[in-house]
Amino acid sequence: GGYPVLQWQDQIRYFISVMKAYSMNNSRFDAMSQFLLRCLRRISLLTVALIPFATLPALADSYLSDPTFLNSPQFHQQAWPWRVTSSPSGKVYVTLVNGAAGGMSGIGLNNQRGGAVMRLNSDGTLDSSFNVGTQFAAAWAVIEQANGQVLVGAIDSNESDGSGATLARVFRLNANGTRDMSYQSPVLNNTPRFMTLQPDGKLLAIIQTVGVSGGLLGLQRLNSDGSLDTSFTPPISDADFFTNIVVDASGRILVGGWFSTINGQPRAGIARLLSDGTLDSTFVPSGFTVMTWMRGIAIQTQGANAGKI
């Protein structure tokens, strides 16, 4: 997946939490925060869909800290979570970009060896039934499959800069964290930042052009056994892809980034591909200019704008 976009309700919760935090530490800011909160109250009276103002303080408190999620692992500065991914099972996966420091040396996870991929229960406690040990030096994108197996973009500890040439791949783990050796990925240019699993079991992965492995880069598709899908034609962009990958109901693929052309054709930061990877000539973004990274894509599913991107 990509970075979630806050809905307007969450934006209000976040806004109020910021107001409260600044008010507690800055008396001059308190007057402004109170004024803005009064404005929100008036808006809530006019907008039926808004959260009742009386509930806002409680929502702000719960936004700052979920009291049911108190036992999440503690990390030392040398090891920080690079991606936190929720799954349909309710479990939460945490991947570390520097798993060698956080997992192999035993200093990252409550002074225990947690590895570069960890799984938490819904209350934040470490799921002890899932343990990757020291097999990865770093990991990023992760997907839990319907059968409980886990796809992860990672660097094997035996293929890291500490042991020689650094090689990035996609690995498949069993439900307990052990590696499924029947899944064999080609070498990738870097640890996949974003991955999306298609309904047919094939995996789309975005790999940055700035790499460590000298392997495949850009947007690639792997078969269900990890081998390269040669029926997919990777698009050629003039800059990196940098968003989540969205596959629509027709099997077309949406990608975004900091590019201005795909296969030599103008595309302003977002492009749609056909299921075989070729550029969709019927989708030509216009009316805006991308000045920085495109960071996320979503298809609206409700309301008058359903189907829009």
Side-chain angles (χ1 to χ4, degrees), residues 1-5 83 85-89 91 93 95 117 139-154 168-175 179-208 215-237 240-257 259 262-263 267 270-283 294-301 306-309:
Y3 299 94
V5 178
R83 181 69 57 81
T85 305
S86 61
S87 67
S89 66
K91 304 283 188 176
Y93 291 88
T95 53
V117 185
W140 208 329
V142 61
I143 295 176
E144 184 184 87
Q145 296 183 277
N147 65 356
Q149 289 185 305
V150 180
L151 294 167
V152 58
R169 305 177 190 271
V170 175
F171 300 89
R172 187 164 64 197
L173 307 178
N174 296 311
R179 189 179 304 180
D180 178 359
M181 300 306 294
S182 69
Y183 190 92
Q184 294 293 322
S185 158
V187 173
L188 308 176
N189 193 52
N190 207 330
T191 310
R193 181 183 288 265
F194 299 103
M195 302 192 307
T196 292
L197 191 63
Q198 295 185 170
D200 61 1
K202 293 184 178 183
L203 181 74
L204 291 162
I206 285 179
I207 307 106
Q208 288 181 275
L216 298 173
L217 49 78
L219 178 66
Q220 301 288 337
R221 188 165 69 190
L222 306 182
N223 294 310
S224 58
D225 63 355
S227 61
L228 184 65
D229 181 3
T230 57
S231 70
F232 181 80
T233 303
I236 300 174
S237 63
D240 270 337
F241 299 105
F242 209 76
T243 67
N244 57 314
I245 311 163
V246 175
V247 179
D248 69 15
S250 299
R252 296 172 299 191
I253 302 163
L254 288 158
V255 289
F259 53 82
I262 297 290
N263 297 345
R267 292 294 186 272
I270 183 171
R272 189 168 68 192
L273 312 173
L274 301 178
S275 60
D276 63 356
T278 56
L279 187 63
D280 185 350
S281 61
T282 67
F283 183 86
M294 186 81 74
R295 297 300 297 264
I297 298 175
I299 299 176
Q300 189 158 330
T301 59
K308 293 185 178 181
I309 300 164

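When reading the values below, keep in mind they use all heavy atoms of this one structure, side chains included, and skip hydrogens, waters and symmetry mates.
- The closest donor-acceptor contact from the side chain of Asn223 to the backbone of Gly226 lies at 3.5 Å or more, if one exists at all.
- Residues Trp140 and Asn190 fail the side-chain proximity criterion, which asks for heavy atoms closer than 4.5 Å.
- Contact between Asn174 and Arg179 at its shortest, heavy atoms only, is ND2-O, 3.8 Å.
- Residues Ile236 and Ile262 form no side-chain contact, since every pair of their non-hydrogen atoms from C-beta on lies 4.5 Å or further apart.
- Between Asp280 and Leu273, every side-chain heavy-atom pair lies at or beyond the 4.5 Å cut-off.
- Residues Gln220 and Pro234 share a closest heavy-atom pair of OE1-CG, 3.5 Å.
- Separating the CZ atom in Arg252 from the OG1 atom in Thr278 is a distance of 12.0 Å, to the nearest 0.5 Å.
- For the pair Gln208/Phe242, a side-chain contact is recorded, criterion being any heavy-atom separation below 4.5 Å from C-beta on.
- Atoms CD1 and CZ, from Ile207 and Arg193 in turn, are 12.0 Å apart once rounded to the nearest 0.5 Å.
- The backbone N or O of Phe232 sits nowhere less than 3.5 Å from a side-chain atom of Asp276 that would complete a donor-acceptor pair.
- Rounding to the nearest 0.5 Å places CG of Leu173 at 8.5 Å from OH of Tyr93.
- For the pair Ser185/Arg172, no side-chain contact is recorded, criterion being any heavy-atom separation below 4.5 Å from C-beta on.
- Here the closest heavy-atom approach between residue Thr243 and residue Gly296 is recorded as CG2-N, 3.6 Å.
- Considering only heavy atoms from C-beta on, Leu254 comes within 4.5 Å of Ile299 through its side chain.
- The minimum heavy-atom distance between Ser231 and Arg221, with the atom names listed, is OG-NH2, 3.8 Å.
- In this structure, Ile245 and Ile253 have side chains that are in contact, with non-hydrogen atoms separated by less than 4.5 Å.
- Paired with Leu222 under the rule side-chain contact (heavy atoms from CB on, under 4.5 Å), one option of Leu151, Val170, Asp229 passes, and it is Val170.
- A pairwise comparison of heavy atoms in Val117 and Val152 identifies CG2-CG2, 3.9 Å as the closest pair.
- Here the closest heavy-atom approach between residue Ile143 and residue Met195 is recorded as CD1-O, 3.4 Å.
- No side-chain heavy atom of Thr85 sits under 4.5 Å from any side-chain heavy atom of Glu144.
- Distance check, rounded to the nearest 0.5 Å: CZ of Phe283 to CG of Asp248 gives 10.0 Å.
- Looking only at distances, a side-chain donor or acceptor of Asn244 sits under 3.5 Å from a matching main-chain atom of Ile297.
- The distance from the CG atom of Leu279 to the CZ atom of Arg272 is 10.0 Å, given to the nearest 0.5 Å.
- Under the 6.0 Å distance and 45° angle rule, Arg83 counts as a cation-pi partner of Phe194.
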